[in-house]
Each structure stands twice: as C-alpha cells, then as structure tokens.
Number of protein chains: 2
Amino acid sequence: MEPSPPPTRTRLIDVANAAGVTKSVASRALNGDSTLNVRKETRVRIFEAASTLGYEPHAGAKALAGSRTRALALLLPDLTNAVYARIARGAYQQARERGFVVLLAEDTEDSRAQSDYTDLVGAGRVEGLLIASAREGHPLLESGRLDKVPHVFVNRSVAESNRNVSVDLMGASSTAFRYLYELGHRNMGHISGPGDLMPAREREHGFLEEAKSAGVAVPAVARAAYSEAGGYEGAQQLMSENPEITAIYAGTFSQSVGALSALHALGKRIPADVSLLSYDDLPIAAYLEPPLTTMALPLQELGGAAVDALIDQLHGAKPRDVILAGQAAIIERASTGRLHTEQIHQGMGNIGSGTTDQRPDPIHDSRYATEPPSSALARSRPKRTIKKRGSND
Amino acid sequence: MEPSPPPTRTRLIDVANAAGVTKSVASRALNGDSTLNVRKETRVRIFEAASTLGYEPHAGAKALAGSRTRALALLLPDLTNAVYARIARGAYQQARERGFVVLLAEDTEDSRAQSDYTDLVGAGRVEGLLIASAREGHPLLESGRLDKVPHVFVNRSVAESNRNVSVDLMGASSTAFRYLYELGHRNMGHISGPGDLMPAREREHGFLEEAKSAGVAVPAVARAAYSEAGGYEGAQQLMSENPEITAIYAGTFSQSVGALSALHALGKRIPADVSLLSYDDLPIAAYLEPPLTTMALPLQELGGAAVDALIDQLHGAKPRDVILAGQAAIIERASTGRLHTEQIHQGMGNIGSGTTDQRPDPIHDSRYATEPPSSALARSRPKRTIKKRGSND
DNA sequence: CTGAAAGCGCTTACAG
DNA sequence: CTGAAAGCGCTTACAG
C-alpha cells in the first residue's frame, strides 16, 4: 500500500559535497545568483557535480523555500475544440521554452472552476493562470480571487483587465469583410456565436463596422451555437430571412460546416449562389465540398504570446493587453467566388425551389457554376502553406 | 521584480489553534487518519476551522513532508488530434474526481520527452504518468527511467508492460469487418497507419483476422499517414491496385475524410460503388457528403479508465492491462450501403472513367444510387446518440 | 567572498 | 489518547 518514494534522490547537499562547497553556494550558483562571487572554476565544478549526480531539484521544496514553482495553469473551456487545442499547444511549447511546466484545467462547469482554482493556486502549485475559459459572469471573475494571482486572458477580452491576449478579432473580421466585398458581394450574412461569448461579439462587431464604413447594407446576423448544428440553423435562418444574401461569414469552423450543409439542403450552389467564408482554418477544410475558404489565425502563436505576457507579469511587469495584429490570412479555396450579375436578381426566387438546371457532370465539383475551382488544385495548393505536424493516432 | 507571495496564507497551525488542538491532530484529522482517536466533536471543530479560515494545504509542503502530490502527468502525442483530446478530457475529469491535478505534456519530439520527464517526475511534481505518446523505440521506454515511477499506457500496447489501457481495437476492427460483411461486401480494403504505430497495427490485424475466419479475400491494406492527405493517397492506392474493392475501412477520421475525397475524385459513387466506414466518430461526420458511417469509441471513458488504473498502482496494486471491451458501436450514416449485384461486375471498368449516367437531380444527395439515404435523416437521427457538450469558442 | 542557520508548511514516528 | 519534535529539500538573509 505504501508507494515507494524515489529510492534515493540526489539532493542539493550531495552536489555541494561533491563540489566541495556548501549548500548555499551550490544553490546560488545553480540558480544563477548574480550576487554570488565564486571563481569560474568552482562554478563549473558545481554544475558538473549536479550533472553527473543527475541532480533534479525538488519542486516542492523549492516552492516551500520561497522560490518559484515554475508552473502555470491553463484554464480551457473545451479541450476538443480545435481552436483551443492549438492555443494550448502554443502555450505548452512556449512554457517549456521558458522552463515552465503547465497544469491543465478544462473548465467546463462553473463548479469546477472553483475547485480548480483552489487546487492550483490555493495549493501553491502554480504561479499564474492562463485563462481561456472566462465568460461574462464567470465565477473566477466575480469572486475577486484573481486579484491575488498573476493571470492573463487568452482569446478573451475582459474589459479593463489589461490582461487580454488576443488575435485582432475585429481586424480579422474586417479582413473577412473586405475579402468578400472585393469579390463583389454587397449583401452579406454573418453567423455569430451565443451572445454571452466574448470572441463572438468582437468578430461580429468588426464585421458590421466594416460594412458600415463601406456603405453597404448592414449584414444580417444569426447567433447560433458553436457547433455544426448551430451553423446549420444559422445559415437557414439567414437565408430565409434574407434571401438576397450572396455571401456568408461564419464565426467558427464547425458552424461553417453546418452552414455548408444547410446551403446544400436549400439547393444553393456554392459559391455560384452563395459564397461561404469560414473563420479559422483546419486541414479538413480542403476536403469539404466545396473546399472551404477560410481565415487562418495564429492560434499557436497566441498561446505562446499569452505565456510570455504571463511570465512578464511574474517578473513584475505591469499587466497590459497584447493583440497579435495583422496576422489573419485568407486561405482561398472554392467556397467563395466573385459575385455574378445574375445573382443579384436571383433573390427570393431560388429559395426552396431547388435548382433544376441540368449540369454536364453530376459528379463532385460539377456544381460550381462560377469559376469552377479545381478542387484538386485547391487541395494541393492553398494560397498560403500551413505548416503540418505529424499526427499520431 | 519580486512577485509577491500570497500575502498571508492560512496554515495548518492556524486551523489547529482555532480548533484548540495541535498541528499533529489537525493534520491527521484533516487527512482522515484512521488511527487517530478524537471525539467526533473535536474532529468537527477542526474541519469547521479549516473551512472558515479557508485553509488550503500547501502542495509543495505536503509533497516535501512525504505525502502524495496528488498530481498526474499526461503525455500526449498530439493535442490537436481529436482522439487524444477526448482521451485527455476523460483523464482530466476522472483525475479531478479522484482529487488529482493533471500536468500536461505534449510529447511531440523525443528530445522533449526527456526534459518533460525530468521536470515532472524528476522534480517530484507528479506521482504517476499517463502515457499516450509511446511509440516503439520511444526514449522513455528505452531509458528504463519508467521503472521508477507508476505509469500506464493509454491507447497503446507496450508488450509485457502489463500497463496497457486500451479500447479493444481488434474487437472494434472485427465489428467493422462484420458490419461490412453483412452488407454483402466481400472485397474490402483497409487504410492503416504508419507501420510503427501500435494502434494501427492492432486495428489492421483485427480486420484481417476476421476476414480470414470469414473465408473471404484478405483485405488489401494501404499504410498511410494519419491525415487527410494520407487517407487520400491510401484510397487512391487501394482502388488502383484493387479495383474490385467495394468497401473501405479507414483507420482514422482524418484518413476517412481524405478517402472520401479521393473516391469522389476517382468518380466513385459512395456508397453505390464503394462503401466507406470510418474508425472514430466526430460530429462533423454527419455533415460530410455523404454523411460518414463511423465507429464510435469510448475515448473519454478510456482516459478515465487510465486514470483509475494509474491510481490503483499508486495504491500499491500490481499493474495490469485493462481493455475497455465491447463498447465500439457503428453509427450508420450514408457512406455505407448494401452490396449490389452490379457492383460485383463493375470492377476495373469504372476506374478513372468517371460515370456518365444522368441522374435526376444533381444536387447534394443525388449521387446515392443505392438506398438513397436521406442525409437529413442520417444527420438528425444517428443510430446512437452521442452526448453533446457545449462548445465554447 | 563564503558558511552556518533559520525557516518555508507540512507529516509522522515517538514520547508521554 | 495527544503533543513535542524532527525532518522533508530547498533558499536567503545574515554573520563572519
């Protein structure tokens, strides 16, 4: 029943003895204390001793003695969400780079948020928090407990926190708008997220603002769940209430997939009748029908930047917002196309009727009336190359 | 520069004082020491004091003093892989349930595996390891360092480790085979993973074995990367080398997506010409064209079972394999169908020729000649309901 | 410039 | 049945 503690761990005293110095000196040398004055030779001897003895300082002891724990916690709303998975990867990698270890918390329920906080911060396990799970009214925000611990909000904007690390969502959305605008679209729709989610609001806002300043009709907005089903409903709603729409910008990849499906079901040709642009890019985008045009976002970088910002705070820097700007790129595939004059007059006419025109080849790409995009081409040569990593089932 | 330590933490001595007992008694009461003999009343007083003072024991101090750290590390090969994301979720939740915290390590490179190990186990941060990232020749396996720490392999089978926690991959594959077999298919193909990956080998083995015992032609196997591109190539290879194939079983979801695309490109109708069955189920499956028939696996449960097995080891139990059996379920959508007599004679004839028959409605579902599956139906009513969780951008 | 010592917050034999 | 004390492995003033 008694789990054996590591039989015999090498301690600081062991390396001190081996190097012929005292614990204090060894400790300070190993920790790079700049006020320590020893001959280079001695220092080298200490490091060599540590290395040959395989010295690995006990994290708990260090923490107890008042040193850093070199641990961060990452609070995620949903591990299986591709966006967060990439943020997590970026955070993890940068943390490692900086010598930190990361604790995970999937903060799905509010109740959990409390006990997570207790076990991570309360127990002195971590020095700071990367929070990607904050919503308005999130218990952690309300409780004021955060005041005591360094933290940053990732992909979130908590007003006046000065701790928001995010991509330029509004900028991304305005890029999205301009892209569709330049293709000739003037009647657009946007599938947004649930009202209480912060990134959704910003995306939406940026998109609408840009439309206003371009002087076109304010895009219709459907707010729906961040899921395929949500996108399906969102697109349905958008098209039934605004049949004049020729382009849809969907706020998440999942929603785009659902929207694609809904548009098909409505008998819409993509992009001949309606163009579809997805926020966020995933490999699978190239394999949908039609291959989806997307916005690629620096999510991994976002995670890394959040870690940097948090570590800055640990070093005493004043918290400040950081926005990863100018990095959203459109990856053009086949779901978006130039507006046709005929589209302008289609409007209502097409709704629910199903198109009956006979197209030459019913297989696969056949349904693209506009600039038939070779899907094979789109697949093998996205405008921008996304770095691939080995996947590993 | 100096980060402020939590201004004034409540310590054990504080609650002891408040309850009018000594630290020893408080400690033992709080930790549920059964050899402690105190009046129930005293015990209650201690717990109340702890609670009103907001006592949160310092994890580092506990660890130092020889107690458990109540922390586990999860070594993942790829966070962005949906399979691992769900395993991670299950592990995380079960760990929390059992009072453990989980440290994350995305073990993409071998070099990282070493330093991860050092910082997690060496530093005494965690009591045990959940390893989902082991390949043959993985540095952790070779180094023998694992001997010193409780660990289990998740979704992995390391021979003779007696620590493998996995779904019954062979069973799943044989279910896959039987499903296709019962639809009438006799010539099948399998898209497997890279040769050195363990789950791939088991899936493959189970599928082939079942074919042998059913007395049908041994399925052709294409080994390809775990990605859409891999699936694309795998399907191409399979069909070009074995034009008689009427059903394909793909080893991962990504591969299935690629295979779907390749089959379309080859002019194959799905499932009229070729049925496609995917290992692993994801919401997006219902929105592909055609909606993909998949095998749903208890991945979250797998993560939870791994945590349980590991904690058992921490409690001194002898390591043993655990297999989550009999849980793979086919979710039938539209990518699989009954074999038609005409299919048997098609063979080579269809390759690359593209089909020219005129079907009534070129839109969407039109291309399913067999049992035209209403994709809307398949979408809204999968055979088995998958629990949905709120997604949260 | 270096070493002896106190102390971080806990647990656990061991005395009483 | 309960309390005093040692000790886990470190860091960091503080003396010398």
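All of these numbers come straight from a predicted model, not from anything done at the bench. Below, each value reflects all heavy atoms present in this structure, side chains not excepted, and no hydrogens, waters or symmetry copies. Below, chains carry the letters A, B, ... as their sequence lines are ordered, and counting in each starts from 1.
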- Secondary-structure stems for DNA chain D, with pairs counted as Watson-Crick or G-U when both distances are under 3.5 Å and runs at least 3 long: C:1-3 with D:14-16, C:5-12 with D:5-12, C:14-16 with D:1-3

- Task: Find the distance B:Leu64:CG to D:dC8:C1' and express it as a whole number of Å.
- Result: 5 Å

- Query: How long is the line joining CZ of A:Arg9 and P of D:dG7, in whole Å?
  - Reply: 19 Å

- Message: Heavy atoms only, 4.0 Å cut-off, all strands: where does B:Asn31 land among base, sugar-phosphate and nothing?
- Response: sugar-phosphate

- Query: Can you list the residues that meet the side chain to side chain donor-acceptor pair (under 3.5 Å) rule with B:Ser24, with sequence neighbours excluded?
  - Reply: none

- Message: From CZ of A:Arg68 over to C1' of D:dT12, roughly how many Å is that when rounded to an integer?
- Response: 13 Å

- Query: Roughly how many Å is it from CG in B:Asp33 to P in C:dA13, rounded to a whole number?
  - Reply: 10 Å

- Item | Whole-Å distance separating the CD1 atom of B:Ile13 from the P atom of C:dC10 | 10 Å

- Message: Whole angstroms only, please: what is the OH-C1' distance between B:Tyr55 and C:dC10?
- Response: 7 Å

- Can you tell me if B:Arg156 and B:Ser166 form a side-chain donor-acceptor pair at under 3.5 Å? no

- Contact under 4.0 Å: B:Ser27 side-chain N or O vs C:dC10 OP1/OP2: no

Sequence neighbours left out, cut at 3.5 Å: what donor-acceptor pairs do the side chains of residues 50-59 of chain A make with other protein atoms?
residue	atom	partner	partner atom	Å
A:Thr52	OG1	A:Glu48	O	3.2
A:Thr52	OG1	A:Ala49	O	3.2

- Task: Quick one: list whatever passes side chain to side chain donor-acceptor pair (under 3.5 Å) with B:Asp308, sequence neighbours left out.
- Result: B:Gln94, B:Arg98

- Item | SB check A:Arg89 B:Asp78 (cutoff 4.0 Å) | yes

- Counting N and O atoms only, with roles assigned by atom type, does the side chain of B:Glu106 sit under 3.5 Å from a partner on the main chain of B:Leu75, one being a donor and the other an acceptor? no

Under 3.5 Å, N/O pairs linking protein and nucleotides 2-5 of chain C:
residue	atom	partner	partner atom	Å
C:dT2	OP2	A:Asn37	O	2.0
C:dG3	OP2	A:Thr22	OG1	3.3
C:dA4	N6	A:Ser24	OG	2.5

- Item | Validation row: A:Leu129, A:Pro150 side chains within 4.5 angstrom (heavy atoms) | no

Can I get a per-line list of side-chain donor-acceptor pairs under 3.5 Å for residues 35-43 of chain A, giving both atom names and the distance, sequence neighbours left out?
residue	atom	partner	partner atom	Å
A:Thr35	OG1	A:Arg28	NH2	3.2
A:Thr35	OG1	A:Asp33	OD1	2.7
A:Thr35	OG1	A:Asp33	OD2	3.4

